[in-house]
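Every chain is numbered from 1 and lettered A, B, ... according to where its sequence line falls, protein lines coming before strand lines.
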2 protein chains.
Amino acid sequence: MPANKPQQDRAEKRAELLSEARRLFIEDGYESTSMAALAKAAGVAGNTIYWYFTDKDDVLVAVLNAVVADALADYEQVSTAPIAEQLLWIVDTLQQMRTLVSTVHSRATRSPAVDAWHNGFHLMTETLFRTTLEQAGLSGTDIEAEIKIGVFTIEGLLAHGLDAASTRAICQRLAQLWTPT
Amino acid sequence: MPANKPQQDRAEKRAELLSEARRLFIEDGYESTSMAALAKAAGVAGNTIYWYFTDKDDVLVAVLNAVVADALADYEQVSTAPIAEQLLWIVDTLQQMRTLVSTVHSRATRSPAVDAWHNGFHLMTETLFRTTLEQAGLSGTDIEAEIKIGVFTIEGLLAHGLDAASTRAICQRLAQLWTPT
DNA sequence: ACCTGAACACCGTTCAAGT
DNA sequence: ACCTGAACACCGTTCAAGT
């Protein structure tokens, strides 16, 4: 009868490990968090993690998905706001994974799993931008170039952690670029 | 009498180690190149490197300086070309350190030496952009925002290695943004 | 001053053994 | 199915010993 009970427990334990990983990766960084430290924080032996995740990069991908899922869940709040406000919101929301941006780029060159996640994230972001730009009535052959400029700028803002004033100015300049005169 | 002869030899040997490091870091990546592999390629014992460099990050900084120095030496060729051509040249030239871009961002969070280099590089690039934009007759309060957008876009192009057509389109769109109508 | 072999502390991961 | 202690191969770095 209880055919899904153990699965329930398994999912819960995985979620616990994931929660600890998310906290440690964001607080201390991916490289600074050893599998031993993660296991200790979760109260299990070092190698137990490998029963729930294939390797350390798999933990990273799970953390990234969790952070992005939370962000998307809150997106509706601003989905109808002006473009500049949307951009600012995206940067602020994803700022929590500031330290993970460089990690993703670094690991993507070595881990196929992280590379796949990175490609998917860019695809999603560019689709989001394209929709927004088209709704704003933008047209022309340069729309693809503008999307890339937008994505790269967001990525740069995330990675470098500028002060609030600069961040705001850049988002507004970017939005202005996309507002037909 | 030969007070500078040993220094000469020392500089040569350091240059040899640096040359091997530059090749290996760019070909195989920073993380994939162990200090042991670097030493073997240079024909010395593993720990000999530490007499010429303080640590692995110090080798990285030396490699980065060498690559940028070579690039700047060639810059005069295009310093009077149109802005779009200048941007394209910068991306093409620095493309050789494509794999190192993510490494720099990743290591900057852990190594003060790499962080210092990274800050200096951004300062240099932004100064270069500012000069170019002012010469182009651009003014306004948004000039700082535009510089950042430019730098982040270049960085994104370097890190992601887009195809030639996309790269060209983005550089032209960026240059167009900076050309007063 | 320069170079080395050997050791150190750490890392992600694997494996045989338990329940 | 799930968890563990112990081991493995590797890493950057240090140190005592040589010349």
Side-chain angles (χ1 to χ4, degrees), chain A residues 1-18 20-21 24-25 28-63 100 103-104 106-114, chain B residues 1-18 20-21 24-25 28-63 103-104 106-115:
Chain A
M1 189 242 281
N4 60 347
K5 189 62 192 302
Q7 300 234 35
Q8 188 88 347
D9 292 350
R10 177 171 171 81
E12 270 177 34
K13 185 129 194 185
R14 200 190 124 103
E16 253 182 63
L17 285 170
L18 190 55
E20 284 299 326
L24 288 170
F25 283 0
D28 303 339
Y30 175 79
E31 285 193 301
S32 296
T33 304
S34 69
M35 292 295 265
L38 171 55
K40 194 173 181 182
V44 295
N47 46 7
T48 299
I49 304 171
Y50 290 87
W51 203 88
Y52 296 92
F53 301 92
T54 62
D55 52 24
K56 197 182 180 185
D57 289 307
D58 190 33
V59 183
L60 175 61
V61 168
V63 167
L100 293 185
T103 301
V104 167
S106 178
R107 290 307 306 165
T109 65
R110 311 199 69 197
S111 157
V114 176
Chain B
M1 187 240 282
N4 60 347
K5 190 60 192 305
Q7 301 234 35
Q8 188 87 348
D9 292 350
R10 178 172 171 81
E12 271 176 33
K13 185 130 196 184
R14 201 190 125 105
E16 252 182 65
L17 285 170
L18 189 55
E20 283 299 326
L24 288 170
F25 283 0
D28 303 339
Y30 175 79
E31 284 192 303
S32 296
T33 303
S34 68
M35 292 296 264
L38 171 54
K40 193 174 181 181
V44 295
N47 45 8
T48 298
I49 304 171
Y50 290 88
W51 203 86
Y52 296 92
F53 301 93
T54 61
D55 52 25
K56 197 183 180 184
D57 289 307
D58 190 33
V59 183
L60 175 61
V61 168
V63 167
T103 301
V104 168
S106 178
R107 290 306 306 167
T109 66
R110 311 198 69 198
S111 157
V114 176
D115 189 47

>> Let me confirm one number: the OG-NZ distance from B/S34 to B/K56, rounded to the nearest 0.5 Å.
In response: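 Between atom OG of B/S34 and atom NZ of B/K56 there are 7.0 Å.
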Could you please name the option among [options] that lies closest to any side-chain atom of [X]?
X: B/M35; options: C/dG12, D/dG12, D/dT4; value: D/dG12
X: B/K56; options: C/dG12, C/dT4, D/dG12; value: D/dG12
X: B/Y52; options: D/dG12, D/dT4, C/dC3; value: C/dC3
X: B/T48; options: C/dG12, D/dT4, C/dT4; value: C/dT4

Which whole-number value in Å describes the distance from [X] [atom1] to [N] [atom2]?
X: B/I49; N: C/dA1; atom1: CD1; atom2: P; result: 21 Å
X: B/D9; N: C/dC3; atom1: CG; atom2: C1'; result: 15 Å
X: A/K40; N: C/dC11; atom1: NZ; atom2: P; result: 11 Å
X: B/L17; N: C/dC3; atom1: CG; atom2: P; result: 9 Å
X: B/E31; N: C/dG12; atom1: CD; atom2: P; result: 12 Å
X: B/R14; N: C/dA1; atom1: CZ; atom2: P; result: 17 Å
X: B/L38; N: D/dC11; atom1: CG; atom2: P; result: 12 Å

>> Which is more 5' along DNA chain C, the nucleotide nearest B/A45 or the one nearest A/T33? Just name the residue.
In response: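 Comparing both residues, the 5'-ward one is B/A45.
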>> Assess the residue pair B/D58 and B/Y50 against the criterion (side-chain hydrogen bond (donor to acceptor under 3.5 Å, both in side chains)); give the C-alpha distance rounded to whole Å, side-chain angles, the decisive distance to 0.1 Å, and a yes or no.
In response: CA-CA 10 Å; B/D58 190 33; B/Y50 290 88; over 6 Å; no
> Sub-3.5 Å donor-acceptor pair from the side chain of A/S111 to the main-chain atoms of A/A108, do we have one?
Replying inline: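 No.
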> Are the side chain of B/S32 and the backbone of B/G29 linked by a donor-acceptor contact shorter than 3.5 Å?
Replying inline: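 Looks like no, no N/O pair under 3.5 Å.
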>> Does C/dC3 have OP1 or OP2 under 4.0 Å away from a side-chain N or O of B/K13?
In response: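 For C/dC3, OP1 or OP2 has a side-chain N or O of B/K13 closer than 4.0 Å.
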>> Testing the basics here: between B/A41 and B/L24, what is the closest heavy-atom pair and its distance to 0.1 Å?
In response: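 Nearest heavy atoms, B/A41 then B/L24: CB-CD1, 3.9 Å.
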Can you name the atoms? Protein N/O to nucleotides 14-17 of chain D N/O, anything below 3.5 Å, with the distance.
| unit_1 | atom_1 | unit_2 | atom_2 | d |
| --- | --- | --- | --- | --- |
| D/dC15 | N4 | B/N47 | ND2 | 3.3 |

>> Taking the side chain as everything from C-beta on, heavy atoms only, tell me whether A/T103 gets closer than 4.5 Å to A/L60.
In response: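 In short, these two side chains touch, coming nearer than 4.5 Å.
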>> Could you check whether any side-chain heavy atom of B/L17 comes within less than 4.5 Å of a side-chain heavy atom of B/V59, counting everything from C-beta outward?
In response: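 Of all side-chain heavy-atom pairs linking B/V59 with B/L17, none is under 4.5 Å.
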>> Checking side chain to side chain contact (heavy atoms under 4.5 Å, CB included) between B/E20 and each of B/I49, B/V44, B/L38, which is the one that passes?
In response: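 Going through the options one by one, the only one that passes is B/L38.
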>> Holding to side-chain hydrogen bond (donor to acceptor under 3.5 Å, both in side chains), I want the full list of residues that pass it with A/R14, two or more places apart in sequence or in another chain.
In response: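 Once residues adjacent in sequence are excluded, A/R14 has no partner under the side-chain hydrogen bond (donor to acceptor under 3.5 Å, both in side chains) criterion.
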> Want to know the stems of DNA chain C: at least 3 consecutive Watson-Crick or G-U pairs with distances under 3.5 Å, which are they?
Replying inline: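 C:4-8 with D:12-16, C:12-16 with D:4-8 - these are the stems of 3 or more pairs that involve DNA chain C.
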